[in-house]
Number of protein chains: 2
Amino acid sequence: MRYPSFDHFFITLGNKQRVKMLQLLNNEGPKSVSSIAKALNAEQSAVSHSLQQLLQCHFVAVKQDGKERIYSINEDTVAPLFRQIRKHVEKYCIEGCEHSWGSKKEVSYGHKRQTA
Amino acid sequence: MRYPSFDHFFITLGNKQRVKMLQLLNNEGPKSVSSIAKALNAEQSAVSHSLQQLLQCHFVAVKQDGKERIYSINEDTVAPLFRQIRKHVEKYCIEGCEHSWGSKKEVSYGHKRQTA
DNA sequence: ACCTCATATGAACATACTATCATATGAAAG
DNA sequence: CTTTCATATGATAGTATGTTCATATGAGGT
């Protein structure tokens with residue numbers, strides 16, 4: 001593997017499971033591995049693997065709590081990043097976009113692309 | 001054509017080639033398919049395939065110009081998005097990169113169970 | 001020390017993705 | 001309407017990626 005590069009950050013975000021995990025942590029706050037797994041109906045090991053990738057990119061942070069390890073989202077940079085993506089999605093995503101980001105307006109139909 | 005889902009936007013960004021294309025268009029302005037291919041040392045068809053995906057997510061737009069098709073980046077949302085990611089990268093990649101790999105603890109553990 | 005719960009890790013497998021090739025479509029020019 | 005240049009599209013081979021299974025490691029309790 002390589003050190004996280006500019007591309008790496010995007011690549012790490014380019015996966016449903018990992019995005020869902022970030023969404024979950026973003027919406028519901030810090031969680032343990034097993035409770036993430038339960039919430040997403042996923043295997044513990046799969047969740048753990050994904051979390052390692054998110055850790056490498058510093059999208060999340062961990063802290064130990066007894067036997068559990070509590071993962072939390074990086075508020076400083078990830079939240080704004082998501083806000084930016086959501087902005088794009090809200091503008092261009094047509095229909096059937098099942099997005100469960102924190103805040104959201106109604107999805108409007110039709111492109112709002114401005115012509116050059 | 002399928003409408004992009006929320007995840008699609010991330011997934012589309014999760015590819016070096018496509019990110020490079022966006023960076024190119026972002027830095028050097030609108031370009032034709034063949035000139036993108038040349039700039040990135042890539043095959044014409046590969047570039048075209050990638051452009052279709054970027055189009056679907058409205059990360060780029062096209063306009064016909066004679067025989068050529070000129071692709072341009074979506075300034076409104078993509079540029080800010082990149083700025084946001086770069087901010088994160090600058091904060092966590094430079095120092096954090098090496099660290100995230102080197103920081104794996106290599107503690108010797110007390111007990112080792114043997115394989116059954 | 002042992003046991004148990006919680007998490008991490010490695011390897012193997014299944015799947016998804018990209019790059020490539022061949023070819024089709026489209027646009028201008030003669 | 002044929003040719004040529006530019007781009008798009010479909011099929012597919014090759015590769016990367018995620019998922020799963022088995023098991024190791026860690027922490028806390030008894």
Side-chain angles (χ1 to χ4, degrees), chain A residues 1-2 4-5 7-22 25 30-57 60-72, chain B residues 1-2 4-5 7-22 25 30-57 60-72 100-101 103-116:
Chain A
M1 280 229 260
R2 277 188 221 117
S5 62
D7 302 306
H8 205 90
F9 290 86
F10 283 115
I11 289 167
T12 297
L13 290 177
N15 174 271
K16 287 188 178 185
Q17 173 94 336
R18 290 192 293 268
V19 169
K20 276 181 190 165
M21 288 169 57
L22 290 176
L25 294 176
K31 280 186 177 296
S32 71
V33 176
S34 55
S35 79
I36 294 172
K38 191 181 171 192
L40 298 182
N41 234 40
E43 298 256 330
Q44 175 268 319
S45 63
V47 170
S48 186
H49 278 302
S50 289
L51 283 169
Q52 302 319 304
Q53 295 184 255
L54 292 173
L55 260 182
Q56 278 161 25
C57 287
V60 298
V62 223
K63 86 171 187 217
Q64 188 86 27
D65 177 34
K67 291 182 194 172
E68 300 186 334
R69 313 197 82 194
I70 307 300
Y71 284 82
S72 55
Chain B
M1 131 158 166
R2 251 188 75 211
S5 71
D7 301 304
H8 246 74
F9 289 87
F10 287 105
I11 289 167
T12 297
L13 290 176
N15 172 271
K16 286 191 179 183
Q17 173 91 338
R18 289 192 293 267
V19 170
K20 276 182 190 164
M21 288 169 57
L22 289 176
L25 294 176
K31 280 186 176 298
S32 70
V33 176
S34 54
S35 80
I36 293 171
K38 191 181 170 189
L40 298 181
N41 235 37
E43 298 255 333
Q44 175 268 319
S45 62
V47 170
S48 187
H49 278 301
S50 289
L51 284 169
Q52 301 321 304
Q53 294 184 255
L54 293 173
L55 259 184
Q56 233 177 306
C57 288
V60 298
V62 224
K63 84 170 187 214
Q64 189 87 25
D65 177 34
K67 290 181 194 173
E68 300 185 333
R69 313 197 82 191
I70 307 299
Y71 284 82
S72 56
S100 71
W101 291 101
S103 71
K104 300 226 155 153
K105 296 176 192 171
E106 302 202 10
V107 188
S108 57
Y109 301 112
H111 61 286
K112 292 195 178 185
R113 271 188 296 178
Q114 270 311 318
T115 306

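In what follows, every chain begins at residue 1, and chains take the letters A, B, ... in the order their sequences are listed.
- Looking at which nucleotide of DNA chain D each of K67(B) and G66(A) is closest to, the 5′-most match is held by K67(B).
- If you take CG on N15(A) and OG on S50(A), they are separated by 6.0 Å, rounding to the nearest 0.5 Å.
- Atoms CD (Q53(A)) and P (dA16(D)) sit 15 Å apart, rounded to a whole Å.
- With distances taken from any side-chain atom of V33(A) to the nucleotides dA27(C), dT7(C), dT9(D), the minimum falls on dT7(C).
- When rounded to the nearest whole Å, the span between CD of Q52(B) and P of dC17(C) equals 17 Å.
- Of the candidate nucleotides dT4(D), dT7(D), dG18(D), dT7(D) has the atom lying nearest to any side-chain atom of S48(B).
- When the nearest nucleotides of DNA chain D are assigned to S32(B) and S50(A) by heavy-atom distance, the more 5′-ward of the two goes with S32(B).
- The CG atom of L40(A) sits 15 Å away from the C1' atom of dT19(D) (whole-angstrom rounding).
- Residue E68(A) has its side chain nearest to dT7(C) when only dT18(C), dT20(C), dT7(C) are considered.
- Once rounded to the nearest 0.5 Å, the distance linking CG of L40(A) with OG of S35(A) reads 9.0 Å.
- In terms of phosphate contacts, Y71(B) brings a side-chain nitrogen or oxygen within less than 4.0 Å of OP1 or OP2 of dA8(D).
- Base contact: Q44(A) has a heavy atom under 4.0 Å from a base atom.
- Counting atom types as modelled, S34(A) pairs no side-chain N or O with a base atom of dC5(C) as donor and acceptor under 3.5 Å.
- Checking the phosphate oxygens (OP1, OP2) of dA8(C), a side-chain nitrogen or oxygen of R69(A) falls inside 4.0 Å.
- Of the possible polar contacts, one joining the Q64(A) side chain to the G66(A) backbone as a donor-acceptor pair under 3.5 Å is found.
- Following rounding to the nearest Å, Q17(B) (CD) and dA16(D) (P) show an atom-to-atom distance of 14 Å.
- An end-to-end axis angle of 20° holds for the helix from dA1(C)-dT30(D) to dG30(C)-dC1(D), taken from five base pairs per end and rounded to 10°.
- Per the geometry, CG belonging to L54(A) stands 12 Å off P belonging to dA8(C), to the nearest Å.
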- Go through the steps for V62(B) and L51(B) under the test side chain to side chain contact (heavy atoms under 4.5 Å, CB included), then give the verdict. CA-CA 9 Å; V62(B) 224; L51(B) 284 169; over 6 Å; no

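- Note that the CG atom of L13(B) and the NE2 atom of H8(B) stand 11.5 Å from one another [nearest 0.5 Å].
- In summary, of the residues considered (K16(B), R18(B), Q17(B)), a side-chain contact (heavy atoms from CB on, under 4.5 Å) with D7(A) occurs for K16(B) alone.
- Here R18(B) reaches the OP1 or OP2 of dT18(C): one of its side-chain N or O atoms lies under 4.0 Å away.
- Stacking between H49(B) and the base of dT9(D) is present: ring centres sit under 5.5 Å apart and the planes differ by under 30 degrees.
- Remark: C57(A) SG to F10(A) CZ distance equals 11.0 Å, nearest 0.5 Å.
- Under the 3.5 Å distance criterion, the side-chain polar atoms of S48(B) are left unmatched by any main-chain donor or acceptor of Q44(B).
- E43(A) comes within 4.0 angstrom of sugar-phosphate atoms only, judged by non-hydrogen atoms across all strands, and of no base.
- What separates CG of D7(A) from C1' of dT18(C) is a distance of 15 Å, to the nearest Å.
- Per the geometry, CD1 belonging to I70(B) stands 15 Å off P belonging to dA27(C), to the nearest Å.
- Summarising the geometry, the separation between NE2 on H8(A) and C1' on dT17(D) is reported as 12 Å, rounded to the nearest angstrom.
- In this structure, N15(A) reaches the dG18(D) phosphate: one of its side-chain N or O atoms is under 4.0 Å from OP1 or OP2.
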